[in-house]
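Right, one structure below, let's go through it.
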Amino acid sequence: MYEWIGSMTANPKRLAQLSRWSGWIPRPCMLFLCGVLGVLLYAAAGRKLRSRILDNLREALGVEREKGRLHRLRLGYFQNLVITLYEIVLESKRLPGSAAWRFQIEGEDHLQEALQLGRGAIVYTPHEGNFFYYYWYLCQKYPCLTIATGGSSELRPLYDLFERMGCPGLDYDNTPPLELLRKLKKHLAGNGVVFILGDFWRPAFPVSRMFGKSTRSPDGAALLSIENQVPVIPFYGFREQGFRHRLVFEQPLHLYASYERKQRGEATLLLNRFMEQAIRKVPDQWFYWFNADERWGEEQMFSGTAKLKHDQETQLVPGAATDASEQQKTYTA
């Protein structure tokens with residue numbers, strides 16, 4: 001999948017020309033064209049990749065889902081991928097001035113209220129919908145910083161494009177860990193917003209759990225929240241219709257009121273539970289179905305205590321703050 005994205009972004013001059021041409025095409029026609037290209041990509045992907053995506057959907061979402069629905073989700077995944085790449089690569093220059101019709105916003109007051117504490121805020125989200133666009137929206141209104149995977153040559157042009165549009169990011173692969181943490185803390189101390197894509201994966205990350213399976217998840221958001229008393233805003237966005245998106249900010253999680261530093265693994269479980277539920281709402285718009293199986297480890301990798309806590313719906317420790325407890329009920333319903 002990364003190779004295909006790389007082939008789309010390899011020629012900047014050609015992309016600039018295509019961007020100008022696409023601006024003359026009515027958006028309904030472009031949406032139809034992207035849908036057709038999504039079907040062609042589905043066919044060109046090959047049986048092996050299509051079967052892999054279908055198996056990952058079935059494993060994560062449950063065998064109780066009817067077979068026909070899983071097949072529709074798989075096709076929708078390819079179509080959404082094409083539409084999202086079109087938006088990022090060709091349509092992004094037309095983003096300024098389009099937020100009013102392009103984005104429907106829910107709950108942004110939760111973020112604004114969290115920032116009134118003066119300790120910054122962490123906006124926590126999965127790679128769902130057009131997450132590039134959602135970060136751009138936040139950058140237009142708040143001092144923002146995110147963490148990017150600059151080590152991928154295929155994705156690097158996309159990050160560079162949005163950095164030129166005023167969307168700054170730290171390069172996870174080329175920034176020393178202590179320097180990365182120091183810059184994030186400094187940004188939060190200035191009452192900034194840190195946009196964290198929590199389903200980022202590396203084999204060296206701590207063991208956690210998602211979709212009922214062992215995986216490895218970054219615990220940096222939990223660590224920053226607990227150590228610096230920074231509220232976490234669970235957030236997700238999705239394509240609601242055509243090129244229109246809905247952005248949803250949920251009530252803040254004050255993890256520092258419920259967990260200590262040594263319990264950041266449990267706090268990460270709670271955040272994973274939120275991401276899982278966000279993905280289940282629009283499963284065909286999650287980016288990682290093409291390699292989700294690589295993220296799932298052996299069950300023995302996961303400690304028995306932590307597994308029990310997750311299987312008991314990620315219970316918070318006794319004495320948790322009321323707002324965190326109420327939020328957890330939403331993620332375990």
Side-chain angles (χ1 to χ4, degrees), residues 60 114 120-128 131 146-147 149 170 172 177 180-181 184-185 188 194-236 250-280 286-288 292 294-321 323-333:
I122 297 170
V123 174
Y124 199 82
T125 186
H127 286 79
E128 188 172 43
F131 44 90
T146 191
I147 305 166
T149 55
L170 298 174
Y172 176 85
L180 185 74
L181 187 62
L184 292 172
K185 286 183 176 180
L188 289 168
V194 171
F195 185 78
I196 293 183
L197 293 148
D199 52 353
F200 182 45
W201 184 90
R202 284 290 188 274
F205 284 164
V207 178
S208 190
R209 205 163 179 81
M210 193 169 172
F211 288 114
K213 297 179 179 296
S214 172
T215 188
R216 290 185 176 270
S217 299
D219 60 359
L223 180 65
L224 286 169
S225 175
I226 294 169
E227 286 194 341
N228 301 279
Q229 297 191 344
V230 177
V232 177
I233 311 297
F235 165 84
Y236 65 97
E250 299 198 350
Q251 293 183 3
L253 289 172
H254 300 278
L255 299 179
Y256 49 87
S258 307
Y259 300 101
E260 299 177 0
R261 189 180 193 278
K262 63 182 179 181
Q263 296 171 311
R264 61 186 183 275
E266 297 172 31
T268 301
L269 282 174
L270 180 62
L271 296 175
N272 280 359
R273 186 67 178 176
F274 153 71
M275 288 195 298
E276 180 180 332
Q277 292 197 5
I279 293 166
R280 287 180 181 275
W286 188 48
F287 178 67
Y288 286 116
E294 295 179 1
R295 298 160 167 259
W296 298 333
E298 298 295 330
E299 290 302 311
Q300 59 264 30
M301 294 168 59
F302 202 82
S303 70
T305 301
K307 181 178 185 299
L308 178 61
K309 286 183 177 293
H310 180 277
D311 292 344
Q312 291 176 340
E313 304 296 343
T314 323
Q315 290 295 320
L316 292 171
V317 295
D323 58 346
S325 300
E326 290 301 316
Q327 189 72 32
Q328 186 224 7
K329 292 177 183 178
T330 301
Y331 302 149
T332 58

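Bear in mind that the values here come from a model prediction, so they are computed numbers and not experimental data. We number each residue from 1, following the sequence as shown. Heavy-atom basis, side chains included; hydrogens, waters and symmetry copies ignored.
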- Item | Aromatic ring pairing W286/F211, orientation class (parallel under 30°, perpendicular over 60°, tilted between) |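 Plane angle between 30° and 60°, so tilted.
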
- Task: Kindly assign one of parallel, tilted or perpendicular to the pair H127 and Y288, based on the angle between their ring planes and the thresholds 30° and 60°.
- Result: perpendicular

Is any side-chain heavy atom of [X] less than 4.5 Å from a side-chain heavy atom of [Y]?
X: F195; Y: F235; result: yes
X: L253; Y: P231; result: no
X: I196; Y: T146; result: no
X: R295; Y: R216; result: no
X: R209; Y: T215; result: no
X: L184; Y: L224; result: yes
X: K185; Y: L181; result: yes

Please find the pair of heavy atoms, one from [X] and one from [Y], that lie closest to each other, and give the distance.
X: K213; Y: W296; result: CD-CD2, 3.3 Å
X: L197; Y: P126; result: CD2-O, 3.6 Å
X: R261; Y: I226; result: N-CG2, 3.7 Å
X: Y236; Y: E250; result: CE2-OE2, 3.5 Å
X: L255; Y: A222; result: CD1-CA, 4.2 Å
X: S225; Y: V230; result: OG-O, 2.6 Å

- Query: Do N272 and S217 have side-chain atoms, one donor and one acceptor, less than 3.5 Å apart?
  - Reply: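 On atom types as modelled, these side chains qualify, holding a pair under 3.5 Å.
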
- Y172 and F200: CA distance, side-chain angles, deciding distance, ring pair (Phe, Tyr, Trp, His ring centres under 6.0 Å) verdict: CA-CA 11 Å; Y172 176 85; F200 182 45; 5.1 Å; yes

- R264 charged N/C atom sitting above Y259 aromatic ring, 6.0 Å / 45°: no

